[in-house]
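Reading through the structure tokens given below for one structure.
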Amino acid sequence: MIDRSLLREDPEAVREALDNRGADVDLDELIEIDEHWRELKARGDELRHERNQVTERIGSLVAKGKQDEKDEAIEESKELKAEIEDVEAEATELGDELRERMLEVPQIPDESVPLGLDERHNVEDRRWGFDDLRVDADEITPHYELGEELDIIDEERGAKTTGSGFYFLKGDGARLEHALIQFMMDIHREQGYVDLFPPVPVTSKSMRGTGQLPKFADDAYRLGGSNDEEYEDDDLWLCPTAEVPVTNMYADEILLTDDLPLKHQAYTPNFRREAGEHGTETRGIVRVHQFNKVELVNFVEPEDSYDRLESLLDEAEEVLRQLELPYRILELCTGDLTFASAKTYDIEVWAPGDDMDDGPEEGGRWLEVSSASNFEDFQARRAGLRYRPERHESAEYLHTLNASGLALPRVMVAILEYHQNEDGTVTIPEALQPYMGGQEVIEGHEKVGESALGAGEQE
RNA sequence: GCCAGGAUGGCCGAACGGUAAGGCGCACGCCUGGAAAGCGUGUUCCCUUUGGGAUUCUGGGUUCAAAUCCCAGUCCUGGCGCCA
């Protein structure tokens, strides 16, 4: 949530920022509601002040036993009460509407964010690992074909048990998934992160705290209710990213500077509806309804947040460097920022298996495996995340940041494609081998369960 | 799931329906040669800030007036039950 006082003091700055985002917000109406609300609030406070004085008088009249004066004062108080009710009913209604609308106003981009309408205007900062590529993209089998050949990814049966967009990992595929999670978390623990294993369902209140609600209800899976129906604060949703439980973990709390910076990492499965996202660009496991992810969440003092963003990006990149996977860093433009973010870097790994138009000249394509974002105090305001700058001072909103560290399926895609060998096997990156019990190559295995489908080989 | 008890500031903890005690921590000031002690101030939110309003878990209700009484809910603790 943006600061209301900014809206009052410098509405034009807010307007410009929202225009740069391409956000559709009726600012004038918002300002008008705010002004009207303040008038009513002032009037209500005044009336309450009067009544408080009368009530106080009644107390002393009762003590003195002045019956007549007391009855008179009670009459006066009753009249004030009725008036207060009228004024405050209107003020509450407006206040609620204001709050609701404020929840739909996106974050103001940082000044350093490049101007632009959409992803075409994102700026590529740099690339890593392209100097000495180990493969030629033309000769790479896409992960969904390879996964089937090696019998490590089973999309069909995932669709059978659960639905399209869900898949089984089998054998070395499943083992690779577990290995990657442990591997990533070990890296980040070295970087000073404290592990968390959060609850997977989260409340509407939490979803609102990080910015998924109210605008993006359709992206998430709701438990026990239709997405179209009204929801309550306590209703549950399946975690769309560990950012939600972890950021909201300290909701309505006040931290001390000694606690900051606070760095948490959490592995969770993530669930997203991804409505309408089907086609050649999403074949295989690059866009699925359930995927695992290690998430990095930072709570910092405001003046540190932009330095922290650079470090956070580096902490996420470290995973790809150790996996020897080529990648690039994008700086998202104003129009491509997510709702809550003031500045975002994307990390895109190179997946050479499918040649796409917007991929690099070497062929293949880019896959987003992490977004590192500074939300400044946007989530802190919504979730009530504060800290005390000095022990004796009053509490202020802190800044939150997060980055994936990293999204598992796409990293797996990159490994299966970039570390693929000519004979159709996959070399496990050296740093990951200890997590696979020393195994160096994924060779696939005899098909499991094929006989049940009538395709089994007879001995 | 059932029964009982509980929720008050950063922390602890009082309050016959009538101004929300007191203590601790922390910071600053006074005092001091310096410190401790002592004294003072501050340590939620909102508004139009020399002022006012709200705030005793949340939401309703009774009342001129609710931390206090009533109803509903959330969470915590204990006991019983169930359970991987």
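Reminder, nothing fancy here: chain letters follow the sequence lines and each chain counts from 1. Just so you know, these numbers come straight off a predicted model, no measurement behind them.
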Item checked: Atom pair distance, as rounded to whole Å: CG in Leu385(A) and C1' in U44(B) -> 16 Å
Note to self: For the C1' atoms, the ones on G17(B) and on G61(B), what distance do you get once it is rounded to whole angstrom?
What the structure shows: 15 Å
Item checked: Whole-Å distance separating the CZ atom of Arg8(A) from the C1' atom of U49(B) -> 14 Å
Next item on the list: Calculate the interatomic distance between Arg386(A) atom CZ and G9(B) atom C1'; express it in whole Å.
Entry: 11 Å
Next item on the list: Verify the neighbour count for atom CD of Glu104(A): are there more than 12 heavy atoms of other residues, nucleotides or ligands below 6.0 Å?
Entry: yes
Next item on the list: Using the P atom on both, measure G9(B) against C57(B) and round to a whole Å.
Entry: 7 Å
Margin query: Between Thr344(A) and Ser341(A), do the side chains contain a donor N or O and an acceptor N or O under 3.5 Å apart?
Written below: yes
Next item on the list: Name the pairing partner of A15(B), where a pair is Watson-Crick or G-U wobble with both distances under 3.5 Å, or state none.
Entry: none
Item checked: Heavy atoms from other residues, nucleotides or ligands near CD of Glu253(A) exceed 12 (cutoff 6.0 Å) -> yes
Next item on the list: Consider the side chain of Trp37(A), meaning its heavy atoms from C-beta on, and name the nucleotide among C45(B), G10(B), C47(B) that approaches it most closely.
Entry: C47(B)
Next item on the list: Determine the interatomic distance between C1' on U41(B) and the same-named atom on A7(B); round to the nearest Å.
Entry: 30 Å
Check: Glu155(A) versus Glu148(A): any side-chain heavy-atom pair under 4.5 Å?
Finding: no
Notebook entry, point to check: Using a cut-off of 4.0 Å on non-hydrogen atoms, how would the nucleic acid contact of Arg43(A) be classed: base, sugar-phosphate, or nothing?
Noted result: nothing
Notebook entry, point to check: What is the base-pairing partner of A20(B), counting Watson-Crick and G-U wobble geometry with both distances under 3.5 Å?
Noted result: none
Next item on the list: Scan every strand shown for a Watson-Crick or G-U wobble partner of G42(B), both distances under 3.5 Å, and answer none if you come up empty.
Entry: C26(B)
Next item on the list: Would you mind classifying the nucleic acid contact of Ala395(A) as base, sugar-phosphate or nothing, using non-hydrogen atoms under 4.0 angstrom?
Entry: sugar-phosphate
Note to self: Please compare Ile74(A) and Asp34(A) by the position of their nearest nucleotide in RNA chain B and report the one closer to 5'.
What the structure shows: Asp34(A)
Checklist line | Check: Lys293(A)/Thr241(A) side-chain N/O donor and acceptor closer than 3.5 Å | finding: yes
Note to self: Does the structure show a Watson-Crick or G-U wobble partner for U50(B), both distances under 3.5 Å? Name it, or say none.
What the structure shows: none
Next item on the list: Compare side-chain N and O positions of Arg57(A) against OP1 and OP2 of G18(B) and report whether any pair is under 4.0 Å apart.
Entry: no
Item checked: Euclidean distance for P, G18(B) against G33(B) (whole angstrom) -> 49 Å
Check: Atom CG of Asp252(A) to atom P of U74(B): distance rounded to whole Å?
Finding: 18 Å
Notebook entry, point to check: Looking only at atom C1', what distance separates G59(B) and A15(B), rounded to whole Å?
Noted result: 25 Å
Check: Any side-chain donor paired with an acceptor under 3.5 Å for Gln290(A) and Tyr221(A)?
Finding: no
Check: Closer to the 5' end of RNA chain B via nearest nucleotide, is it Thr55(A) or Ile58(A)?
Finding: Thr55(A)
Check: What's the NE2-P distance between His36(A) and C47(B), to the nearest Å?
Finding: 16 Å
Check: Roughly, in whole Å, what's the span from CD in Glu253(A) to P in C45(B)?
Finding: 16 Å
Checklist line | Any-strand Watson-Crick or G-U partner of A67(B), both distances under 3.5 Å | finding: none
Note to self: Quick check: do Glu317(A) and Ile347(A) have side-chain heavy atoms less than 4.5 Å from each other?
What the structure shows: yes
Notebook entry, point to check: Can you tell which of U44(B), U48(B), C64(B) lies closest to the side chain of Arg38(A)?
Noted result: U48(B)
Item checked: Gap in Å between the two C1' atoms, one belonging to U56(B) and one to C12(B), rounded -> 15 Å
Margin query: Work out how far the C1' atom of A36(B) is from that of C47(B), and round it to whole angstrom.
Written below: 43 Å
Notebook entry, point to check: Taking CZ from Arg4(A) and C1' from C46(B), how many angstroms apart are they, rounded to a whole number?
Noted result: 9 Å
Check: Can you tell me how far C1' of C45(B) sits from CG of Asp3(A), to the nearest Å?
Finding: 14 Å
Margin query: Counting only Watson-Crick pairs (N1-N3 plus N6-O4 or O6-N4) and G-U wobbles (N1-O2, O6-N3), all under 3.5 Å, who is the partner of C80(B)?
Written below: G1(B)
Next item on the list: Scan every strand shown for a Watson-Crick or G-U wobble partner of A72(B), both distances under 3.5 Å, and answer none if you come up empty.
Entry: U58(B)
Checklist line | CA sep, side-chain torsions, deciding dist, call: Thr247(A), Val244(A), side-chain contact (heavy atoms from CB on, under 4.5 Å) | finding: CA-CA 6 Å; Thr247(A) 306; Val244(A) 180; over 6 Å; no
Between protein and nucleic acid, restricted to nucleotides 53-63 of chain B and to nitrogen or oxygen atoms under 3.5 Å apart, what atom pairs and distances do you find?
| from | atom 1 | to | atom 2 | distance (Å) |
| --- | --- | --- | --- | --- |
| G53(B) | OP1 | His49(A) | ND1 | 3.0 |
| G53(B) | OP1 | Asn52(A) | ND2 | 3.2 |
| G53(B) | O2' | Asp45(A) | OD1 | 2.8 |
| A54(B) | OP1 | Arg48(A) | NH1 | 3.2 |
| A54(B) | OP2 | Asn52(A) | ND2 | 3.3 |

Note to self: Walk me through whether Val87(A) and Leu47(A) qualify under side-chain contact (heavy atoms from CB on, under 4.5 Å).
What the structure shows: CA-CA 9 Å; Val87(A) 173; Leu47(A) 289 168; 3.9 Å; yes
Next item on the list: For A84(B) versus G13(B), give the span between their P atoms, rounded off to a whole number of Å.
Entry: 38 Å
